Protein chains: 2
Amino acid sequence: MMKYKEVVKGLQEGIERGDFKATGQLPTIAALCKDYGVSKITIKKAMDDLEQMGLISRRRGSGTFVKNGAAKPVARSGLEMSQQMSGFNAEHSARGEKVESVVYDFSVTTPPEKVARLLGMEPDEFAYHICRVRLADEVAYAIEYTYMPIKVIPDLRLKHVEASIYAYVEDELGLKIASAHRTVRASLPTAEECERLGVGQHEPLLEVEQIGYLDDGIPFEFSVSRHPHGYEFFTISTR
Amino acid sequence: MMKYKEVVKGLQEGIERGDFKATGQLPTIAALCKDYGVSKITIKKAMDDLEQMGLISRRRGSGTFVKNGAAKPVARSGLEMSQQMSGFNAEHSARGEKVESVVYDFSVTTPPEKVARLLGMEPDEFAYHICRVRLADEVAYAIEYTYMPIKVIPDLRLKHVEASIYAYVEDELGLKIASAHRTVRASLPTAEECERLGVGQHEPLLEVEQIGYLDDGIPFEFSVSRHPHGYEFFTISTR
DNA sequence: AAGTGGTCTAGACCACTTC
DNA sequence: AAGTGGTCTAGACCACTTC
């Protein structure tokens, strides 16, 4: 394991144990260098991680502070971490939930102009179109509309769509999913969606539009997911 | 200006100009070290920034890739960047919009138990409570409910609440706002909110719950903002 | 003046991809 | 084997806070 990850783990556990409650501060970088037997830059990289995780705040000239309330972060419980990028299966399976999909459409078509542009496709190129309702422990969790260029993701089959598209892309095709650009907004269900999700026509939905990228910068998916009430999305922002 | 920021700027401009379109790749780190006359770690830090901004993707062993479509990022136009943390005033003023607030409540009270806990307050400590509707170019943009501990933010006045609370905290108190933890969900307006925002009772709202932190890790604000239709929230996530 | 974190260097060594 | 990005070091110098 990389040294800076060891430091991240050690400090995170310390924070959760409440080791730094007395002062509210972590030891200085110099002290941590000695403690862990590593160089300054390694401690700094670990702190970059902890800051991203929302656990600490740094102030030049005065020290590194544990965020009040960071010990028991709500973020870890049932929320979607916007930092993460793992697909529904990984997220829910990790919580021990049974994940299923109902596939309403799986076809090949030329995508709408906006989608083609966002995916860097020519107007006459083909893409899969997928509509799925995702269930976790038999509860509808989202209805999801996805376009994926056939050029980028060859030979996608119904069995993959019913199971996990991400697993097919990564494990079978050997591609690496690297990042996603997401836009979140509120919306209302269509009549069809009311039926498929089992919600009322006035139930507000959280809509997440996503462009997924591989590690070579190629977009491999455009999707819109609409989530019934109760679904939350968590983010940490820094200046 | 710091060297790595110069590199960020240079590469970003290059990406927007389309300089790297031919290969889709940035020059190698070694080449950029020569070009900019800086060390490897400085180039790496610049690339960390560009990756956070959603402009590039890196692949160990093969190179650094410009994200397809990154040239004209939708993100920069009218969207809320979840990475940012600047308050409504700065966001909208930057776009040349006239920003106003209608204050419906400004009082001092003991906050609900959940809020007190999140703000690290004792049950009998006082906090300001503020309800404001924010307008940009005369259009209601959000209704916002805020609690701030009086211990952390002393002597807040109506004039600050009508103008910009962030400006008071930073410019007058000399405190530094460092980060925010945000949870996003969908909701519906109350009857009162329909009137104050001028929306119908079935209009879905985007609700953003936020805890704001100073650079010493102390939470200074808990707020819930509810935004009418059209409001969007943008995020970039990496694995 | 002393102590804190931030930037930057030159270079070693490593993990991974490509040929 | 050659080329790519990633981690890590020891140390210089700087910006900022605290006393």
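Everything numeric in this text was worked out from a predicted model, so none of it was measured. Residue numbers start from 1 in every chain, and the chains themselves are labelled A, B, ... in the order their sequence lines are given, proteins ahead of strands.
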Selected nucleotide, minimal atom distance to A/K3 side chain, candidates D/dT9, C/dT7, D/dG6: D/dT9
Side-chain donor/acceptor of B/R182 to backbone N/O of A/S237, under 3.5 Å: no
Below 4.0 Å: OP1/OP2 of D/dT7 and any side-chain N or O of A/K45: yes
Nucleic acid footprint by protein, nucleotides 10-19 of chain D - heavy-atom cut-off 4.0 Å, B for base, S for sugar-phosphate alone: --B--BBSS-
A/H181, A/E144, A/E221 screened by side chain to side chain donor-acceptor pair (under 3.5 Å) with A/Q210, the one that passes: A/E221
Protein-nucleotide distance (A/R58, atom CZ; C/dT4, atom C1'), rounded to Å: 12 Å
For A/Y147, all residues meeting ring-ring contact (aromatic ring centres under 6.0 Å, His included), sequence neighbours excluded: A/H129
Under 3.5 Å donor-acceptor, A/S101 side chain and A/V103 backbone: no
Backbone N/O of B/I153 and side chain of B/Y128: donor-acceptor pair under 3.5 Å: yes
A/V152 to A/P219 - nearest heavy-atom pair and separation: CG2-O, 4.2 Å
Contact under 4.0 Å: B/Y4 side-chain N or O vs C/dT7 OP1/OP2: yes
Rounded interatomic separation in angstrom, taking CD1 from B/I43 and C1' from C/dT7: 14 Å
B/Y231 and B/Y141 aromatic ring geometry - parallel, tilted or perpendicular at 30°/60° bounds: perpendicular
B/M2 CE - C/dG5 P separation (whole Å): 18 Å
Atom pair distance, as rounded to whole Å: CD1 in A/I56 and P in C/dG5: 10 Å
Whole-Å gap separating C1' (C/dG6) and CG (B/D48): 14 Å
Basic-acidic side-chain contact under 4.0 Å: A/K5, A/D49: yes
Aromatic plane relationship, B/F220 with B/Y166 - under 30° parallel, 30 to 60° tilted, over 60° perpendicular: perpendicular
Bend angle of the helix from C/dA1-D/dT18 to C/dT18-D/dA1, end axes from five pairs each (to 10°): 10°
Separation of atom NZ in B/K5 from atom C1' in C/dT7, rounded to whole Å: 12 Å
Whole angstrom value for the distance that separates C1' of C/dG6 from CE of B/M1: 16 Å
Value in whole Å for how far the C1' atom of D/dG3 lies from CG of B/L32: 15 Å
